Novice: 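Got a structure for you, written out below as structure tokens; questions coming shortly.
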Amino acid sequence: MRLSLWALGAAASALAVISTGLAQSDNPVDEYRRMLADPFANPGFLFVDEGEQLWTEKRGPKNASLEQCDLGLGPGVLEGAYAQLPRYFPDVDKVMDAESRIVHCMVTLQGFDEATIRRNAFSTRSRKSELEALVAFVAEKSSGHRLSVPLNHPKEKEAYALGEAVFYRRGSYFDFSCATCHSQEGLRIRLQELANLRKNEDAIRAVTTWPTYRVSHETLRTMQHRMWDCFWQMRMPDLIHGSEVSIALITWLTKNAEGGELTVPAIKR
Amino acid sequence: MRFAVLSAALLAAVAVAKVHAQPPRDLPHITSERLEQAMRASFGYDQLPPDLQARLVQDEVQRLCTEYRNEPPADVAERIQKLSAESVVFPPDGKFLGDWKKGEQLSVNGYGLRMRDDPRRQVGGNCYACHQMAPQEVSYGTLGPSLLQYGKLRDFDPEAIRTAYIKIYNSNAALACSTMPRYGTQKIISIEDITHILAFLFDRDSPVNKE
């Protein structure tokens, strides 16, 4: 039922936006903002439904579903799990973010090949990513939950500290660090507003709205993608999906956003 | 009794909120060796061709500005500025001002040096990412100061032109750990491109210096 409701709503609104165009509104910026805030106009929910199917279906060489995946709160517990990630997992002796943990479950439960999943982690114009849909599904199960990242295990503390160190690291052609663009309030790069990700308030606004449907990308994007994207802007080589630095940054960002209420999938430019 | 339980619960709630607001404690120190090891592993350094490997290796200025989080002590700042000033190469023909129209294009252009960018296309200066320049261009960033009327406000003074050339060639010569890229030293754009951009700032006919 919910599937068809979202699908209908999203399709109808998307159609309305396409057919009437943004130009019909007196103020295109207001119209755009209105659309971003309307869940029925948010195609991100189509990814949630697709992710649910991928989660429950028996798939892969082991012909198993992901229903027994342990996202940190025990096998099969989805409610609130995304809001408490990244965290330390004793079975792999590592800190993992939601995306890395889902990949881990696809490998261990379903027998999929890790390198292939990572290579296809981000949708392109010609190929859709299953992982993006799975992340949307898992994250939506924590919508309305407050972010609360455990920082008890020494490896969780190390991930946080490493994330902070990466945030200030300058490099490549432009000498950029994350701090270059994200350590002051109210600034812009061209017309894009920049958040001060060191501040709880700004970090909450940023972190509680990922995964998000990105209108300019015509697909749903995850926090791993946002990290990769900002490094691309920084003229760095490609950040490896699920790498230590990606998880460290996400740990640091999510801890800075502690207490914020997750509202996903969001929709952004 | 019931009141006591309630207020205890309330106190506990307040305590939790307070804990959340505090920065985490007992964090390990991340040495620069540990940071660089994590960076190399996370970008697959060993599998990269030499030109991409080079992007992962910090030069001394980047290393020091990382270590001091852009606030180096006076002696380190002095060393950074000296090192940076020494790297500046001036135009071989002594001509600082090129073609302001080309300079305008270079200031708007943000293309280049990203993964999968076409290496045959012109790399931009992308000054508008951080600066206001000509009044007609409304899409400008605010990380740097406005450069409206830049040449006119300085009476088109040759010394100011030289200073601005140095700023663009190596922003750290005047200010250690500047936010601004070091366009010449890092070989982002050519010396000739810098003279075009300089003309955009200093030519009397440039829109930067018009109302």
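Worth saying up front: this structure is predicted, and the values here are computed from it rather than measured. So you know, we letter chains A, B, ... as the sequences are listed, proteins then strands, and number each from 1.
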Novice: Under a 4.5 Å cutoff for heavy-atom pairs, which residue among B:R114, B:Q186, B:R34 has the most contacts with chain A?
Specialist: B:R114

Novice: Which atom pair, heavy atoms only, marks the closest approach of A:G186 to B:T142?
Specialist: O-OG1, 4.3 Å

Novice: Taking atom types as modelled, is there a side-chain donor on A:R169 or B:T66 under 3.5 Å from an acceptor on the other?
Specialist: no

Novice: Given the options B:L52, B:I188, B:T179, B:N126, which has more heavy-atom pairs under 4.5 Å with chain A than any of the others?
Specialist: B:I188

Novice: Can any side-chain N or O of A:R170 pair as donor or acceptor with the backbone N or O of B:Q58 at less than 3.5 Å?
Specialist: no

Novice: Using a cut-off of under 4.5 Å on heavy-atom pairs, state which of A:L151, A:T180, A:L162 scores highest against chain B.
Specialist: A:L162

Novice: Can you tell which part of B:V108 gets under 4.5 Å to a heavy atom of chain A, answering side chain, backbone, both or neither?
Specialist: both

Novice: With a 4.5 angstrom heavy-atom cut-off, is it the side chain or the backbone of B:Q53 that approaches chain A, or both, or neither?
Specialist: neither

Novice: Does atom CZ of B:R121 have more than 12 heavy-atom neighbours from other groups under 6.0 Å away?
Specialist: no

Novice: Counting only N and O atoms by type, is there a donor-acceptor contact under 3.5 Å from the side chain of B:R55 to the main-chain atoms of A:Y173?
Specialist: no

Novice: Which atoms of B:E36 come close to chain A, meaning under 4.5 Å heavy atom to heavy atom: side chain ones, backbone ones, both, or neither?
Specialist: side chain

Novice: With under 30° as parallel and over 60° as perpendicular, where do the rings of A:F174 and B:Y183 fit, or are they tilted in between?
Specialist: tilted

Novice: Tell me, do A:D175 and B:C65 make a side-chain contact under 4.5 Å, heavy atoms counted?
Specialist: no

Novice: Within a strict 4.5 Å, meaning less than it, do heavy atoms of the B:Y128 and A:R190 side chains meet?
Specialist: yes

Novice: A:F167 versus chain B, heavy atoms under 4.5 Å apart: side chain, backbone, both or neither?
Specialist: neither

Novice: For B:Q136, look at atom CD and say whether over 12 heavy atoms of other residues, nucleotides or ligands are found less than 6.0 Å away.
Specialist: yes

Novice: How would you list, in number order, the residues of residues 92-101 of chain A that have a heavy atom less than 4.5 Å from chain B?
Specialist: none

Novice: Looking at B:A54, B:G110, B:S139, which makes the most heavy-atom pairs under 4.5 Å with chain A?
Specialist: B:S139

Novice: With a 4.5 angstrom heavy-atom cut-off, could you sort out which part of A:Y168 is near chain B: side chain, backbone, both or neither?
Specialist: both

Novice: To the closest 0.5 Å, what do you measure between OG (A:S172) and CD (B:Q62)?
Specialist: 7.5 Å

Novice: Between the side chains of A:D238 and B:R116, is the shortest nitrogen-to-carboxylate-oxygen separation below 4.0 Å, so that they form an ion pair?
Specialist: yes

Novice: Are more than 12 heavy atoms, taken from residues, nucleotides or ligands other than B:E78, located less than 6.0 Å from that residue's CD atom?
Specialist: no

Novice: With chain A, which of B:D26, B:N172, B:V57 has the greatest number of heavy-atom pairs at distances under 4.5 Å?
Specialist: B:D26

Novice: Run the side-chain contact (heavy atoms from CB on, under 4.5 Å) test on A:E158 and B:I30 for me, step by step, so that the C-alpha distance in whole Å, both residues' side-chain angles and the decisive distance to 0.1 Å come before the verdict.
Specialist: CA-CA 8 Å; A:E158 198 198 17; B:I30 304 293; 4.1 Å; yes

Novice: Rounded to the nearest 0.5 Å, what's the gap from CZ on B:F43 to CG on A:L239? Could you check?
Specialist: 4.5 Å

Novice: Are there residues of residues 241-253 of chain A whose heavy atoms fall under 4.5 Å of chain B's heavy atoms? If so, which?
Specialist: A:S243, A:E244, A:V245

Novice: May I have the step-by-step check of side-chain contact (heavy atoms from CB on, under 4.5 Å) for A:L191 and B:V138, ending in yes or no?
Specialist: CA-CA 8 Å; A:L191 288 180; B:V138 293; 5.6 Å; no

Novice: In terms of heavy-atom proximity below 4.5 Å to chain A, should B:L113 be classed as side chain, backbone, both, or neither?
Specialist: both

Novice: Holding to salt bridge (Lys or Arg N to Asp or Glu O under 4.0 Å), I want the full list of residues that pass it with A:E185, two or more places apart in sequence or in another chain.
Specialist: A:K199

Novice: Side chain, backbone, both or neither: which part of A:Q192 has an atom under 4.5 Å from a heavy atom of chain B?
Specialist: neither

Novice: Looking at B:L35, B:D117, B:V61, which has the largest count of heavy-atom pairs under 4.5 Å with chain A?
Specialist: B:L35

Novice: Between B:P24 and A:K157, is any pair of side-chain heavy atoms under 4.5 Å apart?
Specialist: no

Novice: Taking all non-hydrogen atoms of both residues, which atom of B:A41 and which atom of A:I240 are closest, and how far apart?
Specialist: O-CD1, 3.6 Å

Novice: Of all residues at least two apart in sequence or in a different chain, which pass the salt bridge (Lys or Arg N to Asp or Glu O under 4.0 Å) check with A:E114?
Specialist: A:R118

Novice: Which pair of non-hydrogen atoms, one from B:M115 and one from A:P237, has the smallest distance, and what is that distance?
Specialist: SD-CA, 3.7 Å

Novice: Quick check on B:S178 against chain A: is it the side chain, the backbone, both or neither that has a heavy atom closer than 4.5 Å?
Specialist: backbone

Novice: Could you tell me if the side chain of B:M39 sits less than 4.5 Å from the side chain of A:M236, heavy atoms only?
Specialist: yes

